[in-house]
Number of protein chains: 2
Amino acid sequence: MSHTEAPTWSEHVHSVLARAGHQRGGARERVIELLARQPCALSAVEIEDALRAEGTPIGRASIYRVLELLVEHGLAERVAVGPGQSRFEAIDPSGAHHHHLICRECGRLVAFDDPGLERAIDNLSRRLGVRVEHHDVLLRGSCEKCE
Amino acid sequence: MSHTEAPTWSEHVHSVLARAGHQRGGARERVIELLARQPCALSAVEIEDALRAEGTPIGRASIYRVLELLVEHGLAERVAVGPGQSRFEAIDPSGAHHHHLICRECGRLVAFDDPGLERAIDNLSRRLGVRVEHHDVLLRGSCEKCE
DNA sequence: CACGTATTTGGGATTGAGTCTCGTTCTGTG
DNA sequence: CACAGAACGAGACTCAATCCCAAATACGTG
Ligand SMILES: [Zn+2]
Ligand SMILES: [Zn+2]
Ligand SMILES: [Zn+2]
Ligand SMILES: [Zn+2]
């Protein structure tokens with residue numbers, strides 16, 4: 001192949017972090033690899049448990065450090081689903097992202113994306129005249145299964 | 001006056017809770033009165049401190065109980081501004097509400113409302129075909145003062 | 001008003017996500 | 001392979017939030 005493949009999220013993360021002057025380490029690699037495989041957001045505790053279950057336990061401090069680093073660099077997003085319950089998920093390098101509906105009944109997280117919503121936030125930030133770096137949107141209701 | 005005045009938020013809260021079979025108690029009254037006077041969201045700790053400063057200290061457990069009750073009945077909203085940092089504010093019975101921008105620099109909360117955003121969320125919920133009871137929107141960026 | 005019952009309240013113990021510290025281990029470079 | 005800086009992890013610690021339960025309070029009834 002002569003053309004450049006679009007980089008995967010992991011590759012993108014590694015290149016961004018390398019460019020920012022970060023070395024590589026086992027803990028970070030593990031967390032990134034795990035996040036790369038997820039369809040939707042995980043909590044820090046779930047990440048800790050998943051890694052331990054895979055036989056490569058990672059210190060709690062490292063997990064939070066990695067997550068903070070990723071969020072700082074716009075590589076992952078924190079989804080606050082409740083008091084003391086943050087979840088994290090990869091952000092696609094293309095800028096494509098989705099938001100979530102959390103079901104009041106079963107607590108399940110449902111992902112969606114909506115250009116109209118993004119456009120509205122865009123217009124809004126222009127109207128406010130402030131620099132909006134990020135937007136959190138979380139809908140609460142009941143999902144199809146709990147309807 | 002022969003016409004009915006629009007009820008204040010406190011009155012509305014009391015009638016909703018009475019209808020739901022709740023008795024009145026001092027702690028609840030104090031928290032409701034305090035929230036009614038706020039222009040924007042307070043944390044539970046701020047509420048506790050404010051009430052103590054006013055000479056009517058209220059137990060922590062009661063404060064959280066009242067807040068939960070209000071949120072449950074759609075009378076107040078929880079704004080998750082960060083991990084382990086919830087803020088609460090009254091929801092106007094008319095349905096009028098605002099959202100917030102939280103400043104990365106100074107941490108200040110700036111309120112705004114935007115019909116375009118509300119319309120977009122409306123359309124979205126119709127498109128998804130689910131019943132959306134509530135929507136959280138939180139922008140992150142820098143406020144005018146920190147620009 | 002006095003009584004009885006259900007609700008509300010609050011002090012204090014407890015939980016648990018998230019943070020901090022600091023000595024150890026690893027990475028990359030020359 | 002030596003060195004400096006970066007990354008790691010065990011465990012102490014913080015603090016919002018929850019839980020427990022005995023005491024206080026609200027309110028319908030007589
Ligand atoms: Zn997701
Ligand atoms: Zn968006
Ligand atoms: Zn507000
Ligand atoms: Zn809205």
Side-chain angles (χ1 to χ4, degrees), chain A residues 13-34 41-52 54-73 75-88 107, chain B residues 13-34 41-52 54-73 75-89 107 109:
Chain A
V13 167
H14 285 133
S15 81
V16 168
L17 294 183
R19 216 173 306 141
H22 288 281
Q23 297 185 0
R24 287 187 166 216
R28 191 140 69 211
E29 300 284 317
R30 297 258 151 250
V31 175
I32 292 170
E33 276 166 28
L34 178 65
L42 287 186
S43 72
V45 173
E46 285 168 347
I47 292 171
E48 190 175 5
D49 292 347
L51 290 173
R52 193 189 0 262
E54 289 178 5
T56 53
I58 299 296
R60 196 175 322 130
S62 298
I63 291 175
Y64 282 104
R65 255 192 309 252
V66 175
L67 292 174
E68 187 185 352
L69 190 67
L70 294 176
V71 170
E72 227 168 57
H73 286 81
L75 298 165
E77 173 181 16
R78 158 183 263 129
V79 183
V81 296
Q85 284 180 252
S86 294
R87 293 177 161 272
F88 298 84
Chain B
V13 167
H14 284 134
S15 80
V16 168
L17 294 184
R19 218 172 308 141
H22 287 280
Q23 298 185 0
R24 286 187 166 213
R28 193 141 68 208
E29 300 284 317
R30 294 258 149 246
V31 175
I32 291 171
E33 276 167 29
L34 178 66
L42 288 186
S43 71
V45 173
E46 285 167 348
I47 292 171
E48 187 175 8
D49 291 347
L51 291 172
R52 192 186 6 256
E54 288 178 4
T56 53
I58 299 295
R60 199 173 318 129
S62 298
I63 292 175
Y64 282 104
R65 253 192 311 252
V66 175
L67 293 174
E68 187 186 352
L69 190 68
L70 294 177
V71 170
E72 228 167 57
H73 286 82
L75 298 165
E77 171 181 18
R78 160 183 261 128
V79 183
V81 297
Q85 286 180 252
S86 293
R87 293 177 160 272
F88 298 84
E89 72 180 348
L109 219 53

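Small disclaimer: the values here were computed from a predicted structure and weren't measured. All chains are named by letter (A, B, ...) in the order of the sequence lines, taking the proteins before the strands, and each is independently numbered beginning at 1.
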Original post:
OP1 or OP2 of C/dG18 less than 4.0 angstrom from a side-chain nitrogen or oxygen of A/Tyr64, does that happen here?
Top reply: yes
Original post:
Is any side-chain heavy atom of B/Leu75 closer than 4.5 Å to a side-chain heavy atom of B/Ile32?
Top reply: no
Subject >> Sugar-phosphate, base or nothing in reach of B/Ala27, heavy atoms under 4.0 Å >> reply: sugar-phosphate
Original post:
In whole angstrom, what separates B/Arg60's CZ from C/dT14's C1'?
Top reply: 12 Å
Original post:
With a 4.5 Å limit on heavy-atom distance, are the side chains of B/His73 and B/His22 in contact?
Top reply: yes
**OP:** Measure across A/Ala41 and A/Arg87 and return the closest heavy-atom pair with its distance rounded to 0.1 Å.
**Re:** O-NH1, 2.9 Å
Original post:
What is the distance, rounded to the nearest whole Å, between atom CZ of A/Arg30 and atom C1' of D/dA7?
Top reply: 15 Å
Original post:
More 5' along DNA chain D: B/Gly26 or B/Ala44, using each one's nearest nucleotide?
Top reply: B/Ala44
Original post:
With a 4.5 Å heavy-atom cut-off, do A/Ile47 and A/Val66 have their side chains touching?
Top reply: no
**OP:** May I ask you to verify whether the side chain of B/Arg65 and the base of C/dG10 hold a donor-acceptor pair under 3.5 Å?
**Re:** yes
Original post:
For A/Arg28, which contact category applies under a 4.0 Å heavy-atom criterion: base, sugar-phosphate, or nothing?
Top reply: sugar-phosphate
Original post:
Is the distance from OP1 or OP2 of D/dA17 to the nearest side-chain N or O of B/Ser86 less than 4.0 Å?
Top reply: yes
Subject >> Interatomic distance where CG belongs to B/Leu17 and P belongs to C/dT8 [whole Å] >> reply: 9 Å
**OP:** Identify which nucleotide among C/dG18, C/dG12, D/dG5 has an atom closest to any side-chain atom of B/Ala61, counting heavy atoms from C-beta outward.
**Re:** C/dG12
Original post:
What is the distance, rounded to the nearest whole Å, between atom CD1 of A/Ile47 and atom P of D/dG9?
Top reply: 14 Å
Original post:
What is the distance, rounded to the nearest whole Å, between atom CD1 of A/Ile63 and atom P of D/dC8?
Top reply: 11 Å
Original post:
Toward the 5' end of DNA chain D, which comes first, B/Gly25 or A/Ser62, by nearest nucleotide?
Top reply: A/Ser62
**OP:** Find the distance B/Gln23:CD to C/dG4:C1' and express it as a whole number of Å.
**Re:** 13 Å
Subject >> Ion pair check, B/Arg65 and B/Glu68, cut-off under 4.0 Å >> reply: no
Original post:
Could you give the CD-to-P distance, from A/Glu29 to C/dG28, as a whole number of Å?
Top reply: 9 Å
Original post:
Does the side chain of A/His22 get closer than 4.0 angstrom to OP1 or OP2 of D/dA6 through an N or O atom?
Top reply: no
Original post:
Within this structure, what is the CZ-to-C1' distance between B/Arg24 and C/dT9, rounded to whole angstrom?
Top reply: 17 Å
Original post:
Which part of the nucleic acid, if any, lies within contact of A/Gly21, taking any heavy atom under 4.0 Å across all strands shown: a base, the sugar-phosphate backbone alone, or nothing?
Top reply: nothing
